[in-house]
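Throughout, a chain's letter reflects where its sequence line sits, starting with A, and its residues are numbered from 1. This is a predicted model, so every value here is computed, not measured.
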Protein chains: 2
Amino acid sequence: MARPRTPLLSIDRIVDEAISMAGTTGAFTMTELATKLGVRQSSLYNHVDGRDEVLELVRQRLHEDMGVKVDISGRWQDVVRAMARAQRAALARHPWLVPLLATSPAEPGGAASSVENVATLLSKAGFADADVLQIIAMVDIIIIGGSLDLVSPEHLYPDEVLEGSDDLARVVRAAPTGVSRADAGFEFTLDLVITALEQRLEHSSKRGHSGTPHTPEANA
Amino acid sequence: MARPRTPLLSIDRIVDEAISMAGTTGAFTMTELATKLGVRQSSLYNHVDGRDEVLELVRQRLHEDMGVKVDISGRWQDVVRAMARAQRAALARHPWLVPLLATSPAEPGGAASSVENVATLLSKAGFADADVLQIIAMVDIIIIGGSLDLVSPEHLYPDEVLEGSDDLARVVRAAPTGVSRADAGFEFTLDLVITALEQRLEHSSKRGHSGTPHTPEANA
DNA sequence: ACCTGAACACCGTTCAAGT
DNA sequence: ACCTGAACACCGTTCAAGT
């Protein structure tokens, strides 16, 4: 039982298992990982440098998964909406890994390539250079924030708030909870933002060309 | 050296130290914690049930810190903007704890109380009940997403992207990086969203009964 | 009540041994 | 090249002992 004729392990198998473990519980140990793979812990080190590398590989895999193919032939509004939804859905499959992903750079070929397409599209749509990156940053913020929301506990607000008689209590009681609440918040934000972008585009095209339109307030 | 006449430890000291450790490195161990506090590991268990409880206490403390006092006497636009900025700033002080915080419910007296005030304000401003909670959810999404952005590495996009000649590359090269980039994205999003909300309010008040414009004094 | 030191189980990692 | 078993350092937790 020393070296098998065909390897029992592969990097892919290790990463697959790590994702399915960390994606549900939010944690994984080399011991569990080995056990699940029907192997001793020390075997893992023939394929991987250590726990940190496993984590790094998981991160890379997730990033690839976010390089969703979006049809960029449509209106920019639809493309942005579709990409945001797709990426959030990809994150939502492994909510516990969102923090991991959010704190690491975009990989070329993964999420970064979707971003390139969108950048082109937004430029062609007439958005100013200065706006394009910020729009992308904004969509990222919404995707990340909207995904983390999915990790929130079912009851976002404690019971005491619900029992109150003020505006928040009334409003909260009338709203959905859990995943559908998170979905609603995400979609609401997406709608609002896209509408706002449409208007920003109208304004700037009316006024001639680019610049940074109305932002009331500049506090120095 | 058994029991000292005045306790060496207190829950507060433990939590303080845990925050300063986890807030910078993103991790803490009971061993380090004890060492930093000039005490043996086992001593910690006289004050705290275990590592998990320390984490829970950290979470609670952070939540309290987010119960920022905002002056709610101004325009709802200014209040929302001020609260969003203040909460993001509070999170930014311990960026590594954002994921922890984002995945736990709001505590009464902490962030929840700020939210109550804002809910009242938005209701009075004329927003529909159905909108109020979603607006709050949206602001949360932006705060959380905008805070996590601060944990991102300095270079959000890999070098290969920067070297390209396409729209993204041009646009990225022209933009700030690091914290100021994150700040810019956050402020851009906040501006856009508040502008959009103003317009939403105008529309609905035009369509609805002609009263309750967005003056701070309006009563329901 | 509150600190210590010894003890235990568990985890990550290394490495010689085996094929 | 790739798996195993033994070994080590480290961490979280428990507990009897001391005041």
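- For the residue pair A:Glu64 and A:Gln60, no side-chain donor N or O sits within less than 3.5 Å of a side-chain acceptor on the partner.
- Comparing D:dC11, D:dC3, C:dG12 by their nearest atom to the side chain of A:Thr31 picks out C:dG12.
- Shown here are the salt bridge (charged side-chain N to carboxylate O under 4.0 Å, His left out) partners of B:Asp49, two or more places apart in sequence or in another chain: there are none.
- A search for salt bridge (charged side-chain N to carboxylate O under 4.0 Å, His left out) contacts involving B:Arg200 returns B:Asp131, not counting sequence neighbours.
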Dot-bracket encoding per residue of DNA chain D, Watson-Crick/G-U cut-off under 3.5 Å, | denoting interstrand: ||.|||||...|||||.||
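- Of the candidates B:Leu9, B:Thr31, B:Val54, B:Leu44 forms a side-chain contact (heavy atoms from CB on, under 4.5 Å) with just one, namely B:Leu9.
- With a 4.5 Å cut-off on side-chain heavy atoms, B:Tyr45 and B:Met30 count as touching.
- Residues of residues 39-52 of chain B that place a heavy atom closer than 4.0 Å to DNA chain D, in numerical order, are B:Gln41, B:Ser42, B:Tyr45, B:Gly50, B:Arg51.
- The salt bridge (charged side-chain N to carboxylate O under 4.0 Å, His left out) search around B:Arg51 returns none, not counting sequence neighbours.
- The shortest side-chain heavy-atom distance between A:Ile144 and B:Ile144 does not fall under the 4.5 Å cut-off.
- Of the candidates D:dT13, C:dC3, D:dC3, D:dC3 carries the atom nearest the A:Pro7 side chain, counting heavy atoms from C-beta on.
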Would you tabulate the pairs of protein nitrogen or oxygen atoms and nucleotide nitrogen or oxygen atoms of nucleotides 16-18 of chain C closer than 3.5 angstrom?
unit_1	atom_1	unit_2	atom_2	d
C:dG18	N2	A:Arg3	N	3.1

